[in-house]
Q: 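This is the structure I have questions about; it appears just below.
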Amino acid sequence: MRILLIATYLPPYSGSGNIRLLNYINYLSRLGNKVDVVGVEYPKNSIAYDETLEDVFDNEVDIYRVKPGFFYNLFNRKKVVQANEEKNTATESLNRFKSKINHFIKTTFLIPDAFVGWIKPAYKVSSELISKNKYDLIFTIHETPSSHIVGYKLKKKFKDLKWVGYWSDPWNGDSVLRNKNSFIKKTIDEYLELKVVKSVDKLLFTTKSTREMYINKYKLSESKADIIYRGYEKELYEKLEKNNKIPNGFENDKLNIVHTGTIYKELRDVKPLYKALKLLKENNFEIFNKLNIIFVGQFTDKEDEVLLSRLECVKIVNYLPFEEAMQYVVNADILLLYGNKNSTQVPGKLYEYIGSKSIILTILGCEKDELKEIMQNIDKGPIILNDSEIISSEIINLINTKDKANKWNRRCSEFEWSKVVLDLQNKLIN
């Protein structure tokens, strides 16, 4: 099978979603498919640009990179260059003002997203490839929706070519983050997504809830929508375990609890954790003193970061290249997994966590969190509500069982990439 895959987020951009797509592509290629990819030529000064991911695609995969366009370059978050001078109040105020202006423009005028300037040249390159080669299908990947717009334009031109679209997250209607968009942007995005959904031959989602939401919203046939999963590369974990490199900040005589990735304030509430740790400090200092909690990544709300960093048992580690961050995952005693509040989605880091032998402490975003059923089936650690007293009690339980043999210290073999992508291939064909 020959596949033309179109996506805006790929390595060398870092992030769990980009690593997911890397493995979809490489493993589809290893199954004997010819995969051509139209992606983005990222600026190297982007905050998420990871030099260690520059040469990660298999040689058999051809990548055609297109410049992202003016708007992406304008709003792209850049790597911080350390200055000799301290920031003054005026500079910080100016930066806050610029941030507000950027936010207003992105949530009002960038439709469907910051890659809007990439759509036309990506469509042109894709059209040329289809004219030269005999493809069995087009496979477009959201996030972000610009890739689906390219797919829609291609489907209008090449009507007989099968088109499969993948929604890593809902485009509209689910995410708290997208609810900040203006009425104008929401209205146009809804119109665009309707056109895409009605034109695409098959839709793939990451959770049952999202699939059901789209079937009900757009009155789709159940046969038109399916679910595919993410996975993990066992060889990477074995390599990192063999390295036996203990990450900075770990303490041998304590319980090392790790969270990797971004803490989105709108989706993940860390205040109950803060209160739980304060309770332990006040009422059970012996237990509190055995904790070493490390957050690797970013906080979208500075107040959350400052709040947690006040506690002696908490360390904050800024953005790290992918394999360095995974070294924390592999060596952790416990991995902290937050579900999403009021969402049909589950965090992508789940599939990075289940490849490790570490225990996972799952804190649900709400009673109906989709994560609950998944984690119950996986059975890799405690699953609790985001309540300070419950968190405090569960930490005590985990401390007391730290040195005992535990059924949770194992990989979940059913989510190895080779198995996940074989399932994906079958759903692309059928």
Q: With a 4.5 Å cut-off on side-chain heavy atoms, are Ser168 and Ile141 touching?
A: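 The answer is no, as the side chains (C-beta and beyond) never meet within the 4.5 Å cut-off.
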
Q: For Asn256 and Asn292, which I'm curious about, is there any donor-acceptor pair between the side chains at under 3.5 Å?
A: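 Short answer, yes.
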
Q: Does the side chain of Thr140 come under 3.5 Å of the side chain of Ser147 through a donor N or O and an acceptor N or O?
A: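 Result is no, nothing qualifies.
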
Q: Treating Ser46 as the side-chain partner and Ala48 as the backbone partner, does any N or O pair qualify as donor plus acceptor under 3.5 Å?
A: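 Here the side-chain-to-backbone pair does not exist.
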
Q: Please identify each residue that fulfils side chain to side chain contact (heavy atoms under 4.5 Å, CB included) with Val196, with sequence neighbours left out.
A: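 Checked Val196 against side chain to side chain contact (heavy atoms under 4.5 Å, CB included); matches are His148, Ile149, Tyr152, Trp163, Trp167, Trp171.
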
Q: Checking Ser29 against Asp58: is there a side-chain donor and acceptor pair closer than 3.5 Å?
A: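 There is no such pair (donor and acceptor under 3.5 Å, judged by atom type) between the side chains of Asp58 and Ser29.
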
Q: Scan side-chain atoms only and decide if Glu193 and Asn172 contain a donor-acceptor pair under the 3.5 Å cut-off.
A: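 Indeed, the side chains of Glu193 and Asn172 share at least one donor-acceptor pair under 3.5 Å.
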
Q: Could you tell me if the side chain of Glu266 sits less than 4.5 Å from the side chain of Thr300, heavy atoms only?
A: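 Thr300 vs Glu266: side chains touch.
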
Q: If you define the side chain from C-beta out and look only at heavy atoms, does anything of Thr260 sit under 4.5 Å from Tyr353?
A: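 Side chain of Thr260 against side chain of Tyr353, heavy atoms only: contact under 4.5 Å found.
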
Q: Are any of the side-chain nitrogens in Glu251 or Lys315 under 4.0 Å away from the carboxylate oxygens of its partner?
A: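 Counted as a salt bridge, because a side-chain N and a carboxylate O are separated by less than 4.0 Å.
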
Q: Is a salt bridge present between Lys407 and Asp379, judged by a nitrogen-to-oxygen distance below 4.0 Å?
A: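 Salt bridge present between Lys407 and Asp379.
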
Q: Please check if any side-chain donor atom of Gln298 sits under 3.5 Å from a side-chain acceptor atom of Tyr264, or the reverse.
A: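 No, no side-chain donor-acceptor pair sits under 3.5 Å.
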
Q: Between side-chain atoms of residues 231-238 and protein atoms elsewhere (two or more places apart, or another chain), which donor-acceptor pairs fall under 3.5 Å?
A:
| from | atom 1 | to | atom 2 | distance (Å) |
| --- | --- | --- | --- | --- |
| Tyr232 | OH | Cys412 | O | 3.0 |
| Tyr237 | OH | Glu352 | O | 2.5 |

Q: Main chain of Val329, side chain of Ser358: is a donor-acceptor contact present, judged purely on distance under 3.5 Å?
A: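 Present.
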
Q: So, Asp36 and Tyr135: side-chain donor and acceptor under 3.5 Å apart, yes or no?
A: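 There is such a pair (donor and acceptor under 3.5 Å, judged by atom type) between the side chains of Asp36 and Tyr135.
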
Q: Before accepting this row, confirm whether a basic side-chain N of the pair Lys44/Glu51 lies closer than 4.0 Å to the acidic partner's carboxylate O.
A: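 The answer is no: the pair does not qualify as a salt bridge.
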
Q: Below 3.5 Å, can you tabulate the donor-acceptor pairs from side chains in residues 4-12 to any protein atom, sequence neighbours excluded?
A:
| from | atom 1 | to | atom 2 | distance (Å) |
| --- | --- | --- | --- | --- |
| Thr8 | OG1 | Glu143 | O | 3.4 |
| Thr8 | OG1 | Thr144 | N | 2.9 |
| Thr8 | OG1 | Thr144 | OG1 | 2.9 |

Q: Indicate whether any N or O donor in one side chain lies under 3.5 Å from an N or O acceptor in the other, for Ser209 and Thr207.
A: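 There is no such pair (donor and acceptor under 3.5 Å, judged by atom type) between the side chains of Ser209 and Thr207.
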
Q: Is Lys34 salt-bridged to Asp62, going by a charged N under 4.0 Å from an acidic O?
A: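 Result for this pair is yes, salt bridge flagged.
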
Q: Taking Lys271 first and then Asp304, would you say they form a salt bridge - that is, a charged N and a carboxylate O separated by under 4.0 Å?
A: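 Salt bridge between Lys271 and Asp304, a charged N being under 4.0 Å from a carboxylate O: yes.
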
Q: Are Glu190 and Lys217 ion-paired here, with the side-chain N under 4.0 Å from a carboxylate O?
A: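 Counted as a salt bridge, because a side-chain N and a carboxylate O are separated by less than 4.0 Å.
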
Q: Ion pair present between Lys208 and Glu373, side-chain N to carboxylate O less than 4.0 angstrom?
A: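 Yes, this pair counts.
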
Q: Is there side-chain contact between Lys67 and Tyr72, with heavy atoms separated by less than 4.5 Å?
A: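 No, too far: nothing below the 4.5 Å cut-off.
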
Q: Are side-chain heavy atoms of His259 and Ile293 found at a separation under 4.5 Å?
A: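 Heavy-atom side-chain distance check fails, nothing below 4.5 Å.
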
Q: I'd like to check Pro321 versus Glu324 (side-chain heavy atoms, cut-off strictly below 4.5 Å). Are they in contact?
A: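 In contact.
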
Q: When you check the gap from the basic side-chain N to the acidic O, do Asp226 and Lys427 get nearer than 4.0 Å?
A: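 Looking at Asp226 and Lys427, the cut-off is met.
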
Q: May I ask you to say whether Glu241 pairs ionically with Arg411, meaning some side-chain N is under 4.0 Å from a carboxylate O?
A: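 Answer for the salt bridge query: yes.
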
Q: Considering all heavy atoms of both residues, which atom of Val116 and which atom of Ile111 are nearest to each other, and what is their separation?
A: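 So the two residues come closest at CG2-O, 3.3 Å.
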
Q: Any chance you could lay out the side-chain hydrogen bond (donor to acceptor under 3.5 Å, both in side chains) test for Thr52 and Glu323, step after step, and finish with the verdict?
A: CA-CA 8 Å; Thr52 67; Glu323 285 202 11; over 6 Å; no

Q: Side chains of Arg268 and Asn340: is there a donor and an acceptor less than 3.5 Å apart?
A: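 Yes, Asn340 and Arg268 have a side-chain donor paired with an acceptor closer than 3.5 Å.
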
Q: Applying ring-ring contact (aromatic ring centres under 6.0 Å, His included), run through Tyr351 and Phe415 and close with a yes or a no.
A: CA-CA 8 Å; Tyr351 298 97; Phe415 288 100; 5.6 Å; yes

Q: Is Lys224 reaching over with its side chain to a backbone N or O of Val200, donor-acceptor style, under 3.5 angstrom?
A: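 Here the side-chain-to-backbone pair exists.
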
